[in-house]
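Just so you know, ligand 1 is whichever comes first in the structure, and atom 1 is the first atom listed for that ligand. For clarity, every value in this text was computed on a predicted model and none was experimentally measured. Along the sequence shown, residues carry numbers from 1.
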Amino acid sequence: MTTKNVYHLALNSDQTAGIRTAFLPGDPNRVEKIGKTFKSSQLIASKREFVTCEAVADDDSRVLVTSTGVGGPSTSIVVDELAQLGLQNFIRIGTTGAIQPHIQVGDVIISQGAVRLDGSSPHIAPMEYPAVADFYITQALVRSAQELGIPFHVGISVTSATFYQGQERYDSYSGYVPNHLRESYRQWQSLKALNYEMECATLFVMAQAFGLRAGCVTGVLLNRTVTEQVDTQIIPMVEERVIKVAVNALKYLLGIT
Ligand code: URA
């Protein structure tokens, strides 16, 4: 069979042969951290914001860890190119801002569905098409969090194309939020959305539309009902928890991979 190369990720199908599952952090610096939680791992590609390592789990199954960068456009490239290379299961590992008062910093949020303010998913399917997670991956993430005793919440996330205006933050350079986004924070909160993040709607729509599977778990960096500031000291703890929940979910996925 001829080797398939993908441009942005600088990967080829010989490197990914036999690998079905990819973990998708946003941050390239988190790729190695995730890889180190496996029995072994090695960096296999690095280009722009797209860093990839191959990791081997305790049962000798192989997975990829690839960073998506921030937002829908770069996430769409990762999902498409990994799918071209034969990957079928995608688990986003991210961080997030909670918008419901009962959610604590350090909890994890397992997204069941996402509000499509990502800007990229309309290029895949019309707005009437739902951004929903794969049931089995979501179930695996829930079982994993339960087993680890890490507090979790399952529900709807809001995926925004921007960190400031789309998440109705006023502490930006201009301080201006366009009319159509004012009061949007309260609206999503009233509609029981749990959190803001920037990638999951793109991932969910692509996976569902292409017949792939995707799930998303994010660690809560701040609760916006309390503060707009992230306490940077808690970041390592939040990252460690969300990585644990995602990686530990792998064993519950084996039946579907
Ligand atoms: N990521 C986001 O998109 N929003 C937050 O508030 C925190 C992380």
Answer yes or no: is there a side-chain heavy-atom contact under 4.5 Å between Val177 and Tyr185?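 The answer is no; the side chains never approach within 4.5 Å.
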Check whether the side chains of [X] and [Y] place a donor and an acceptor atom closer than 3.5 Å, and report yes or no.
{"X": "Thr225", "Y": "Asn223", "value": "yes"}
{"X": "Thr159", "Y": "Glu197", "value": "yes"}
{"X": "Tyr252", "Y": "Glu147", "value": "yes"}
{"X": "Gln189", "Y": "Arg186", "value": "yes"}

Neighbouring residues of ligand 1, heavy-atom cut-off under 4.0 Å: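 Correct list: Thr95, Thr96, Gly97, Phe163, Gln167, Arg169, Tyr196, Glu197, Met198, Leu222.
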Nearest atoms (heavy-atom pairs only) where Thr37 meets Val247: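 Closest pair (atom of Thr37, atom of Val247, distance): OG1-CG2, 3.8 Å.
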